[in-house]
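Scroll down for the structure; my scribbles are underneath it.
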Amino acid sequence: MVVPELRPWRAARPHATRVANAVRPRLARAAGAVRPGLTRATDAVQPYLVRTVAAVKPQVTRLARIPRPEAVRTWQYTAGAATAGLALAATVATAAGPWDSSGQRTAERDRAVALERTGGTDHGGDSGSTAAGPGPAPSAPSVLTALGGAANTVKSAPTGQALAAVLGPLLGNTALGTRHTAAVVDVATGKRLYGAGAGTALTPASTTKIATAVAALSALGADHRLVTRAALEADTKELVLVGGGDPTLTARADAQGWASLRELAEETAAALKKRGITTVTLSYDKTLYAGSEIHPIGVNDNLAPVSALMVDEARTDGTASGPAPRTTDPAADATRTFARFLSDHGIRTTSPGPSKATGRAENLAEVRSPPLSALVERMLTNSDNDIAEALARQTAVADGQRADFAGGGKAIRAQLKKLGLPLAGADFHDGSGLDRDDRLTANLLTALLVKAGAQAHPELRPALTGLPVAGFTGTLTSRYTDGAAGVVRAKTGTLTGVNTLAGTVVDQDGRLLAFAFLTSDTTDPGAAQNALDRTASALAACGCG
């Protein structure tokens, strides 16, 4: 997935050389470790390769102007190389590790440091959710920067006529309902290559999360962290647990890199004992957010009440993603858990109640979320509604809007307007896409993806890196298992009668394309999902340049 950018590459070449020299010994060790596994991986993917070639051969044959046997053999070679490459990458990556909780190898961040790129800023002040701490990590380099090679290694972009011939019949499938829109854009140039009702706004479902991700990253920066703290009112000995809006705060024994409520309790207890205090009045502050905590869809297992203070997304069944029963009062429940952890360290508390920390309160301890980039990636990969609504409210706080559902929608729109994105027809009522009154266009969705890949906006890159990978991660794990696995990266969207898909794909000519398909009035969600997957797979198989 490369787009030549020669001048930046020339400038970065000395840094890249140092990186290559640093990692060469590790690469040699990794290659030796994975050599036995590679044979097994190649054998495992061979059946998928055979089915893939059989599935796409008719389309490739029709697209060829001169249907020579050599063209088919070339496609088979390309598909074989791609599949073997995926197997090698998966095996080497597994052996090389380590993998962090967001699904990205820690080495990627180490490489960003080695490249000496400057990072984003840890924005402070207004939200009350950022405090002093380690400096922000450098921003990742552009995923579109070429790793060398001549400018003509990537062929020209597909033509609109060729794309219409491939996509038109697939989008006309009756499984996609009575209304559908589509857009395909060349990410390198931003030029729209194909459109069908691309400016018509439809219900986007969870593809709304792409807009939420871009808006939050733009407003707060990729390195922003959400802070949960314990503050002591010195005159009354009231201990206040102050929520900073971090839905990933966890009470699990193994925090796996997320902010830990257990750690906060341990540090708070130590600070209290240092002051000779072993008994406190315990309260909680969730005032960062405003308005109703209940989404307009009502109480639903897909989303907890939206609170500035919660632990493990208020889940009551021990799960980490997907629908789950939730506690009805996340802030009170989190504080009761905090009280149990304090008790384990010898601190007695009263039964907790709501309060608000004053400006005179002394911070005893705090825990910080991973960078916003990691939260965005988790949100997109798992289609996490709780993180989406939290990010919408955080965007509202940063934008000076009221931190409720309506304010989040206004703030998202305001941030996207600042980025110069096409907002005609767009309407935002939440951050997750659960609200059926949300409206987005295929034009806007593809423009969001193009903007996230722009060299001028490295802070937006997590909106691309967090997209589920077909056949491998998140909501696409069980899809594309015998199609374009590993090639399509896309955000899914599903509501009753609504199926959407938006993401990126590299076609057979090496062009990185952004696409968006929105459908309404579908009657069979499974059939609609399969039809969208076939359409994205056809785009991946297209050598239409």
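The ring-ring contact (aromatic ring centres under 6.0 Å, His included) test applied to H457 returns no partner, not counting sequence neighbours. The side chain to side chain contact (heavy atoms under 4.5 Å, CB included) search around D399 returns Q401, A411, A414, Q415, K418, not counting sequence neighbours. Residues passing the ring-ring contact (aromatic ring centres under 6.0 Å, His included) test with F515 are F517, sequence neighbours excluded. Taking D384 as the reference, nothing meets the salt bridge (Lys or Arg N to Asp or Glu O under 4.0 Å) condition, with sequence neighbours excluded. Under the rule for a side chain to side chain contact (heavy atoms under 4.5 Å, CB included), the partners of D437 that lie at least two apart in sequence or sit in another chain are H429, D435. Applying the salt bridge (Lys or Arg N to Asp or Glu O under 4.0 Å) test to K417 and every residue at least two apart in sequence or in another chain returns nothing. Taking the salt bridge (Lys or Arg N to Asp or Glu O under 4.0 Å) definition, one finds that R413 meets it with nothing, sequence neighbours left out. Shown here are the salt bridge (Lys or Arg N to Asp or Glu O under 4.0 Å) partners of R179, two or more places apart in sequence or in another chain: D521.
The heavy-atom pair separating A447 from L421 by the smallest distance is O-CD2, 3.6 Å. The two residues A514 and T446 come nearest to each other via the heavy atoms O-CG2, 3.9 Å. The two residues G221 and L372 have their closest heavy-atom pair at O-CD2, 3.4 Å. In terms of heavy atoms, P462 sits closest to L380 at O-CD1, 3.8 Å. Closest approach of N173 and A531 over heavy atoms only: ND2-CB, 3.9 Å. Residue L163 comes nearest to C542 through the heavy atom pair CD2-SG, 4.3 Å, listed as atom of the first residue, atom of the second, then distance.
Looking at N300 and H295, their side chains never bring a donor and an acceptor atom within 3.5 Å of each other. In the model, T519 has no side-chain atom that pairs as donor or acceptor with a side-chain atom of N499 under 3.5 Å. E377 and T465 are linked by a side-chain donor-acceptor pair at a separation below 3.5 angstrom, with hydrogens and angles left out of the test.
Rounded to the nearest 0.5 Å, atoms CG (D404) and CG (D430) are 12.0 Å apart. Taken from CZ in R378 to CG in D386, the straight-line distance is 9.0 Å, to the nearest 0.5 Å. Residue L226 holds its CG atom at 7.5 Å from CG of L391, rounded to the nearest 0.5 Å. The line from CZ of R511 to OG of S156 is 7.0 Å long, rounded to the nearest 0.5 Å. In this structure, OG1 in T522 is found 8.0 Å from CG in L176, a value given to the nearest 0.5 Å. To the nearest 0.5 angstrom, Q508 atom CD is 10.5 Å from L539 atom CG.
Pairs engaging residues 491-513 under the ring-ring contact (aromatic ring centres under 6.0 Å, His included) rule: none recorded [sequence neighbours left out]. Legend: ring-ring contact (aromatic ring centres under 6.0 Å, His included) pairs involving residues 521-545, not counting sequence neighbours: none detected.
The backbone N or O of E313 lies less than 3.5 Å from a partner atom in the side chain of R326, making a donor-acceptor pair. In this structure, the side chain of R534 does not engage the main chain of L170 through any donor-acceptor pair within 3.5 Å. In this structure a side-chain-to-backbone donor-acceptor pair under 3.5 Å is present from R461 to A452.
Under the 4.5 Å side-chain criterion, counting only non-hydrogen atoms from C-beta, V185 is not in contact with L449. Between H224 and L217 the shortest side-chain heavy-atom distance does not fall below 4.5 Å. Counting only heavy atoms from C-beta outward, the side chains of E389 and F405 approach each other to under 4.5 Å. Annotation: side chain of S369 is not in contact with side chain of W258 (no heavy-atom distance under 4.5 Å). L419 is listed as a side-chain neighbour of L460, based on a closest heavy-atom distance under 4.5 Å. Side-chain contact between T535 and L171 is present, with heavy atoms from C-beta onward closer than 4.5 Å. Looking at T248 and L375, their side chains come closer than 4.5 Å, going by heavy atoms from C-beta outward. In this structure, I387 and N382 have side chains that are not in contact, with every pair of non-hydrogen atoms separated by 4.5 Å or more.
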* To do: Begin with the C-alpha distance, continue with both residues' side-chain angles, and end with the deciding distance and a verdict on side chain to side chain contact (heavy atoms under 4.5 Å, CB included) for R393 and V306.
  => CA-CA 9 Å; R393 277 167 163 71; V306 183; 3.5 Å; yes
Practice task
For side chain to side chain donor-acceptor pair (under 3.5 Å), just list the numbers for D317 and T319, CA-CA rounded to whole Å, side-chain angles, deciding distance to a tenth of an Å, and then say yes or no.
Solution key: CA-CA 6 Å; D317 62 355; T319 59; 2.7 Å; yes
With side chain to side chain contact (heavy atoms under 4.5 Å, CB included) as the criterion, how do L464 and T504 come out once you've worked through the C-alpha distance, each side chain's angles and the decisive distance to 0.1 Å? CA-CA 8 Å; L464 290 180; T504 63; 4.0 Å; yes
Let me see the working for Q394 and L220 under side chain to side chain contact (heavy atoms under 4.5 Å, CB included), right down to the final yes or no.
CA-CA 8 Å; Q394 293 288 337; L220 298 162; 3.8 Å; yes
> Can you list the steps and then say if R479 with N530 is a side chain to side chain donor-acceptor pair (under 3.5 Å)?
Replying inline: CA-CA 9 Å; R479 294 166 64 168; N530 290 337; over 6 Å; no
Side-chain polar contacts of residues 468-476 - donor-acceptor pairs under 3.5 angstrom, sequence neighbours left out - could you list them?
from, atom 1, to, atom 2, distance (Å)
T473, OG1, V469, N, 2.7
T475, OG1, T492, OG1, 3.3

Contacts table for residues 193-215: side-chain donor-acceptor under 3.5 angstrom, sequence neighbours left out:
from, atom 1, to, atom 2, distance (Å)
T203, OG1, R436, O, 3.3
T203, OG1, R439, NH1, 2.8
S206, OG, K209, NZ, 2.8
S206, OG, S383, OG, 3.3
T207, OG1, P204, O, 2.6
T208, OG1, A205, O, 2.8
K209, NZ, S383, OG, 3.3
K209, NZ, N385, OD1, 2.8
K209, NZ, S432, O, 2.9
T212, OG1, T208, O, 3.4
T212, OG1, G431, O, 2.6

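With respect to D186 and K191, no salt bridge is recorded, no charged nitrogen being found less than 4.0 Å from a carboxylate O.
Residue-environment remark: NZ (K451) exceeds the threshold of 12 foreign heavy atoms within 6.0 Å.
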